Each structure stands twice: as C-alpha cells, then as structure tokens.
Amino acid sequence: MGVVERTWEWLTTTAHWSGTDGVWHRLGEHLFLTVVCLLISCAIALPVAVLLGHVGKGGALAVNISNVGRAVPTFAVLVLLLLSPLGSHGSWPTVIALVLFAIPPLLTNAYVGMREVDRDMVEAARGMGMTGTQIIARVELPLAFPLILTGVRSAAVQVVATTTLAALPGGGGLGRIITAGFRLTDTAQVVAGALLVAVLALLVEGAFVLLQRLLDPMRGHPATVRA
Amino acid sequence: MADDNCLISNDWVCGEYVRTRGQELTDATLQHIGITLASVAIGLLVAFPLALLARRWRAVAGPVLGMTTILYTIPSLAMFSLLVPVFGLSAAVVVTGLVLYSLTILVRNILTGLASVPQEAREAARGMGYGPLRLLFAVELPLAVPALMAGLRIATVSTVSLTTVGAIIGYGGLGNLIYEGMRSYFKAQVLTASVLCVVLAVTADLALLLVQRLLTPWARPKRRPKAAPKVRKTEKAVA
C-alpha cells in the first residue's frame, strides 16, 4: 500500500480524531495558541508601530527588527526558552516565542503603512484643523489599513507555523501529530499531520485575504496611496 | 577547574564544551553551510528561468507567483514532513523544502529588478544592435542586481535559520545539536549552536552585502532607499 493510501486511511480512522492525542483536540490547542498569541502581539506591536509611524521616528528600528526576526531561528528560541527557568511553567515558553516572532511582521508592516500615507493628505488634514489623534484615526489609519492587515496576516501565518514547531520541545498543537509520527516511524501519520498543518496555514492565509477585501475602508475608492 | 565544572553544573556558557566538542561543532556547522549553499544555489537556478518565463508571458506570472506564495505559507515542519515520502530520510528533503521557500523571495525580487530597468537603457542597447540574450546579460541583469541581491540576502538569511528545522530528520546542521541538546537538557550545547547559527546568518548577510557593493559601484549612494521598502513584501515565516 502506498503512502497516499495509508495517509488517507490514517485520516479517515475516527480513532485518530478523538481523545487528547486526537486531531480535534490538537487543532483546538493550535487555534487557541494562535489566537491568544496573535492578540497579545497585536496589542504590543500595533500601538507602537502606529505611534512611531505617526511621528515618523524609529524607522531603522522597524526595519531592523524584521531582519533580526529572520536571522534568529525560531526552533533555537523555542528550545532556549524551554531550557530557561521559564521552561517549567507549562506553555509559557511557547507563548513567549510565538509573540516574539509575530511582532516583527506586525511592526514593520504597520510602520511602513503609516509612513506611506501621502504627506500632502496629512498636511491637508492638519490645515483643516485636525488634532494629532484625529489625523491618526481619520486619515492615517484608514489609509494604512491594507498594510496593517497584511502585517496581521503575515503574523498569523507565522504564529501557525511557529506553533507547529513548538511540538518539537513538547508543546501542544497539530505539530504533535507529526512529531509522534516520527517517533513511531509512521510515515502515514507524519504526512497526515503535515497535511492538516498545511491546510490550516492556507485556510488562515485565505481567511485573512478575504477579511482584507471585506474590511478595507478604501474599498470602492480608486487607489491613490499605493503609488 | 571551573571549566571542568561547567559541563557538570550544566551552565549556559561553557568553554570546556567548545573545547571538547570542537569536531562535533565543526561538522554541524559545515553541514549547515552545505545545506544552505545547496538550497540557495538551486533556488537561484530555478527562480531565474521562472522569473524570465513570468516576465515573458503574463499568463505564467499569475500561477508562478500564486504557487510560490502558497508554498511559502506551508510551515517548515509540515513541508519537510510532506517531502519525506518522496526522498526518504535524506538531506534532499531539507534542501528541496528550502529551495521551495527561497523561490517566493527570489522570483519576486528578480521580477522587481528586471522591471526596474529603465526603458531608455533597453532602447539604447537595442539601438546598438544588442540581441535579446546580450541585452539580458549585459544590460538588464547588471541593472537588476540591487533588487536581486536584496532578495538573495533575505532568502539566504531565512534559509540559514530554517535549516535548523531539518533536525527533525537528522539533517539540520546546527539544528541537530539544538535538538540533541533539547532532549538531554544540555544548555551549553543549545546556546552555542544557536549563537553559531545567528553568527552564520549575519556573516552570510554581510558577505552578500559586500558582493552587492562590488557588483554595483554606481548604486552606492542610493542603495538605502531602494532596500528599505523591500522588507514588507517578503516578510514572514521564519518558523
């Protein structure tokens, strides 16, 4: 029997979907970690990026932080946190690693989005007597919105990927199905787990693409900003 | 004496570890460099014709860019796992996965680079009797170097970092040491391998930056503004 058939068989066996090691439970863990960590990172990164972008300072920080995020291996950070004193505190090492790696795309995209807003428009708004807060809320944020959401989308996909990796040092989530498959040298289970993870990542990406289209405040207006 | 004890007391920083496991560290680093080099080189070889095809025919551009974006979305652990039935437990799994990731960045940046070539430069070359091939290699490519190198740097740094995940099948370079160290709670091994990994990424980045400067002496004063906005397009997935 080929790998494809055996994978199909694994996926269609109801026993694999129930229980603490089952797909549904692992999926629940995966989604829970993803949502919580995404919310925490947005709460940290977005206000900072919007403020920095508004005053036009800290551009080097916003760009460099994404370079740093790229150079540091996620796997290494996960393991380092596990071996640190934090490691004995349940899923905290995973949560911290997830938040750390979600921040760079959020920060960079939101900052670039704010900076790319046409300066003439900001000047015009100021000339109309708008205060700084009003400019942020009514001019800059709506115009920067597509890029901010792009950042959230990247961060979400990143968090899904990192959560998968967190299974290596023993975290929860769908990655556990893959690592358990490797331990059992059960290729069918490895492939089944990988498929589930890939589908989840693509669904998250797709959902955000859709959300981006639906929520864009400039929807229906001619694109004037993205020159 | 103090050095001897750091292995027993499981310290994070341990000179004795580096001294006694020098060979192991060197082997892992060499495997890491090997996997990275192979992946980026193959990635470049595949991305180049893909970008040329995408530029020539609009109908190809959509599917190529869409496909590479989809591949980029798949988490690394899943990507490697999906390739295991194809290649077995070999380095080819890791290299193929990393090549697929690098394509997204490389194809996009090569396209951006070629699109940034001024039309006048093309016209002038044609007027001087340049054929399409000579136009590409003597005029367009050199002018596309800044965008191409920006992409190559991002792809290389991501590849160095993602190679560690290859540890799941035993071909992760320094990742293998991190994986082993994780299982045995060997702090010095995990920290040393992690630091070496970052050093490797930074060194590769700086080396490529140097190459870029040597290749484009004319672009030196204006390099910054070109490189900065590139970040957002390719931001993502180091996991």
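Quick note on labels: first sequence line is chain A, next is B, and so on, each numbered from 1. In this text, all values refer to a predicted model and were calculated from it rather than measured experimentally.
Between chain A and the options Leu89(B), Val198(B), Ile168(B), the largest number of non-hydrogen pairs under 4.5 Å is found for Ile168(B). With chain B as partner, the option from Ala97(A), Ala198(A), Gly151(A) having the largest number of non-hydrogen pairs under 4.5 angstrom is Ala198(A). Contact tally against chain A (heavy-atom pairs below 4.5 Å) for Ile178(B), Ile169(B), Val202(B): the top residue is Ile178(B). Ranked by heavy-atom pairs under 4.5 Å with chain B, the first of Val190(A), Leu196(A), Leu174(A) is Val190(A).
For Phe101(A) against Gln158(A), the heavy-atom pair with the smallest separation is O-CG, 3.4 Å.
The shortest side-chain heavy-atom distance between Thr159(B) and Val40(B) falls under the 4.5 Å cut-off.
Heavy atoms of Leu195(A) lying under 4.5 Å from chain B belong to its backbone as well as its side chain. With a 4.5 angstrom heavy-atom cutoff, Thr164(A) touches chain B via backbone and side-chain atoms both. The parts of Ala78(B) that come within reach of chain A are both its backbone and its side chain, each placing non-hydrogen atoms under 4.5 angstrom from that chain. In this structure, no portion of Ala204(B) lies under 4.5 Å from any heavy atom of chain A. Interface remark: Val157(B) contributes backbone and side-chain atoms alike to the contact with chain A (heavy atom separation under 4.5 Å). Looking at Tyr179(B), both its backbone and its side chain come within 4.5 Å of chain A, counting heavy atoms on both sides. For Leu83(A), the parts lying under 4.5 angstrom from a heavy atom of chain B are both the backbone and the side chain.
Arg108(B) and Thr69(B) share a donor-acceptor pair across their side chains, judged by distance under 3.5 Å alone. Side chains of Asp27(B) and Gln23(B): a donor-acceptor N/O pair is present below 3.5 angstrom, by distance only.
At a threshold of 4.0 Å, the pair Glu180(B)-Arg183(B) does not count as salt-bridged, since none of the basic side-chain nitrogens sits closer than that to a carboxylate oxygen. In summary, Asp11(B) and Lys187(B) do not engage in a salt bridge, as defined by a charged side-chain N under 4.0 Å from a carboxylate O. Using a 4.0 Å cut-off between a side-chain N of Lys or Arg and a carboxylate O of Asp or Glu, Arg26(A) and Glu29(A) qualify as a salt bridge.
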Salt bridge (Lys or Arg N to Asp or Glu O under 4.0 Å), that's the test. Do Arg6(A) and Glu9(A) meet it? Break it down for me. CA-CA 5 Å; Arg6(A) 280 187 289 131; Glu9(A) 201 183 287; over 6 Å; no
